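These figures come from a predicted structure and were not determined experimentally.
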Amino acid sequence: MAELDENMVEIEDDDVVSRDTSKEWASSFTVDGVQYAASIFWESLQNVDAPFLDAKEAAENVLVGADLFCVKQGKSPQLGLAVSSQGFKNGMNVAAVAAVTAMSDASSLLAVFKVDAGYWYLCIRNDVILSDGDVLFVKEEDAKEQFMSMLSVPDWARKIAPEEWGIDDTEQRDISEIFAQGLNTKLEKINALRGTELLIVVVLSLAIGIALVIYINNTFFGTTTQVKRVATKRAQKKVVKKVEKVVLDPWETMVDPVWVLDNCRENILAATSIPTPGWTNEGVTCSITGIVTSWRRNFGRISWIEMALSYSGLNFSSKQIDKDSKNVMVTIPFNEARKIKSPPKHTSADLRNIINDLFQAINLSIKLDDGTVSSNGKSYKILKYSINSTYDPNIWKEMLTKFSGLRVNNIRYNNGVWNYEGTIYVQ
């Protein structure tokens with residue numbers, strides 16, 4: 001994995017996506033009469049057997065307000081999240097999965113396809129769709145800018161771009177032919193009934209149906225009999241007071257940023273310090289669920305790195321080796337995150353000035369963008385931040401925890417450079 005700058009998509013009203021607000025994006029395009037969902041948020045999938053459980057958790061802690069999900073199977077299973085208010089629909093085909101499965105021979109892919117709704121950008125690294133690697137840009141210049149910024153990263157197995165761009169060493173592919181060879185995966189509702197819940201509903205429905213048939217039969221077709229009436233005292237009607245559901249604001253139960261920074265630092269340093277002769281670490285991505293990292297072979301044998309991992313003392317929930325045994329990816333899960341109460345204390349303008357003044361004092365840069373997120377039917381204002389630095393989380397911990405309402409979404413590390421991304425709730 002290479003060190004990447006995540007671009008964020010415009011957020012309007014209840015939209016909940018972390019992309020560059022200066023770049024207009026769309027949620028779907030049509031190919032051969034079939035509508036495909038794009039601009040989906042992707043993250044690693046921990047619970048392969050019951051992905052909807054991961055989807056529910058991610059909808060509460062990662063992409064707040066997400067109500068649709070999908071799964072990309074394969075060497076590195078991933079969970080895709082979407083928000084229906086942004087134009088996504090239940091049952092909509094997922095473009096990224098169709099393309100990835102059709103071009104599964106390329107573990108690292110950088111591509112832009114010209115479609116009816118704009119320019120679809122797709123970026124895959126070591127069989128993982130990057131969190132900003134699935135975006136349907138409305139404007140051509142935005143898609144080309146994103147493509148060119150990633151083109152400097154080495155070792156792409158395949159590079160695809162529109163022919164009119166005239167970029168060397170790229171090919172042009174017909175999106176219709178690609179989708180015809182890929183799997184049709186559809187968006188599903190996160191809170192839909194499934195498994196045991198569905199069985200209970202079916203059984204109850206059958207029981208009610210049978211009772212209704214018996215009642216109708218006895219009432220209209222049964223033999224009339226004399227019923228002895230027994231006088232009873234009428235029971236006093238019990239009044240049940242309706243209890244209103246208390247809806248908590250998202251900052252009432254936030255993941256403790258200190259917990260995230262400490263766990264990410266400890267596990268990232270532990271993973272990158274594993275002695276792997278002949279193999280080079282490709283970078284690490286950390287979130288509240290755990291870390292994902294990979295190594296690329298320079299020389300030596302696959303057994304060397306397998307032995308190094310087995311003697312590392314780390315707990316890997318998954319290990320993926322590509323078909324050529326030249327790339328190895330592992331996932332290290334975290335325990336349940338620690339929660340805190342952290343209400344916002346500043347307006348967006350005041351907080352922006354405070355942060356900019358602080359970073360100007362230490363002569364470092366920070367990227368800030370305004371946005372909104374939706375939770376429990378309410379809209380909340382946030383300030384999104386992105387920091388690139390050579391300082392590890394232990395150094396940033398004291399500064400970042402100064403701001404109430406702060407959330408650390410992910411930390412990426414590669415070759416001595418740390419990237420921090422997250423949000424801060426504002427008044």
Side-chain angles (χ1 to χ4, degrees), residues 1-7 9 19 23 25-40 42 72-76 78 80 93-185 282-283 294 296-297 320 322-327 329:
M1 285 180 250
E3 181 65 17
L4 308 176
D5 289 330
E6 293 225 6
N7 292 322
V9 177
R19 304 186 192 278
K23 296 181 180 179
W25 60 279
S27 59
S28 66
F29 58 90
T30 303
V31 175
D32 296 334
V34 178
Q35 193 176 24
Y36 289 87
S39 303
I40 290 176
W42 294 93
K72 178 187 78 69
Q73 303 288 357
K75 301 173 184 177
S76 304
Q78 286 185 270
N93 284 40
V94 180
V97 175
V100 168
T101 53
M103 297 183 287
S104 58
D105 58 318
S107 61
S108 294
L109 167 71
L110 179 62
V112 170
F113 300 96
K114 187 177 180 180
V115 294
D116 61 343
Y119 291 80
W120 179 43
Y121 167 80
L122 180 64
C123 184
I124 304 164
R125 197 70 175 174
N126 295 330
D127 296 305
V128 174
I129 304 172
L130 302 185
S131 58
D132 65 342
D134 175 11
V135 184
L136 175 56
F137 290 104
V138 174
K139 298 178 181 178
E140 180 180 5
E141 56 267 27
D142 291 340
K144 191 170 184 179
E145 178 185 347
Q146 183 75 0
F147 182 88
M148 296 303 295
S149 68
M150 291 299 300
L151 196 60
S152 59
V153 178
D155 301 327
W156 294 108
R158 178 171 291 176
K159 293 176 287 188
I160 300 173
E163 185 177 7
E164 58 267 26
W165 286 5
I167 301 175
D168 294 337
D169 299 324
T170 62
E171 57 179 310
Q172 184 179 25
R173 290 291 305 274
D174 187 342
I175 193 68
S176 299
E177 295 179 359
I178 293 175
F179 282 176
Q181 301 169 8
L183 294 178
N184 290 327
T185 299
E282 293 286 273
S294 64
R296 175 171 51 85
R297 176 184 175 274
Q320 305 291 335
D322 69 1
K323 61 182 179 180
D324 297 323
S325 298
K326 293 182 179 180
N327 290 279
M329 176 177 290

For F113 and M103, the nearest pair of non-hydrogen atoms, with its separation, is CZ-CE, 4.3 Å
Pair S107, D322: side-chain N/O donor-acceptor within cut-off below 3.5 Å: no
Contact list for residues 109-120, test side chain to side chain donor-acceptor pair (under 3.5 Å), sequence neighbours left out: Y119-E140, W120-D134
Counting N and O atoms only, with roles assigned by atom type, does the side chain of D174 sit under 3.5 Å from a partner on the main chain of S176, one being a donor and the other an acceptor? yes
To the nearest 0.5 angstrom, please state how far the CD atom of Q181 sits from the OG atom of S104. 10.0 Å
Rounded to the nearest 0.5 angstrom, the OG-CD distance for S28 and Q35 is 4.0 Å
Any idea how F29 and F179 line up, ring-wise: parallel (<30°), tilted (30 to 60°), or perpendicular (>60°)? parallel
Which atom names give the shortest non-hydrogen contact between A96 and W42, and what distance separates them? CB-CZ2, 3.7 Å
Main chain of V97, side chain of T185: is a donor-acceptor contact present, judged purely on distance under 3.5 Å? no
Can you tell if the side chain of R297 reaches within under 4.5 Å of the side chain of D324, non-hydrogen atoms only? no
Which residues pass the side chain to side chain donor-acceptor pair (under 3.5 Å) test with S108, not counting sequence neighbours? none
Sub-4.5 Å side-chain heavy-atom contact between Q78 and V128: yes
Just distance, no hydrogens or angles: give the donor-acceptor pairs under 3.5 Å from side chains in residues 155-164, sequence neighbours left out.
unit_1 : atom_1 : unit_2 : atom_2 : d
W156   : NE1    : M150   : O      : 3.2
W156   : NE1    : V153   : O      : 2.8
R158   : NE     : E171   : OE2    : 3.2
R158   : NH2    : D105   : OD2    : 3.4

Just how far is it from atom OG of S76 to atom CG of D127, taken to the nearest 0.5 Å? 5.5 Å
Donor-acceptor check, side chain of S39 to backbone of S27, threshold 3.5 angstrom: yes or no? no
Measure the CG-OH distance between L136 and Y36 for me, rounded to the nearest 0.5 Å. 14.0 Å
When rounded to the nearest 0.5 Å, the distance separating CE of M148 from CG of L110 is 9.5 Å
When rounded to the nearest 0.5 Å, the distance separating NZ of K72 from CD1 of I129 is 5.5 Å
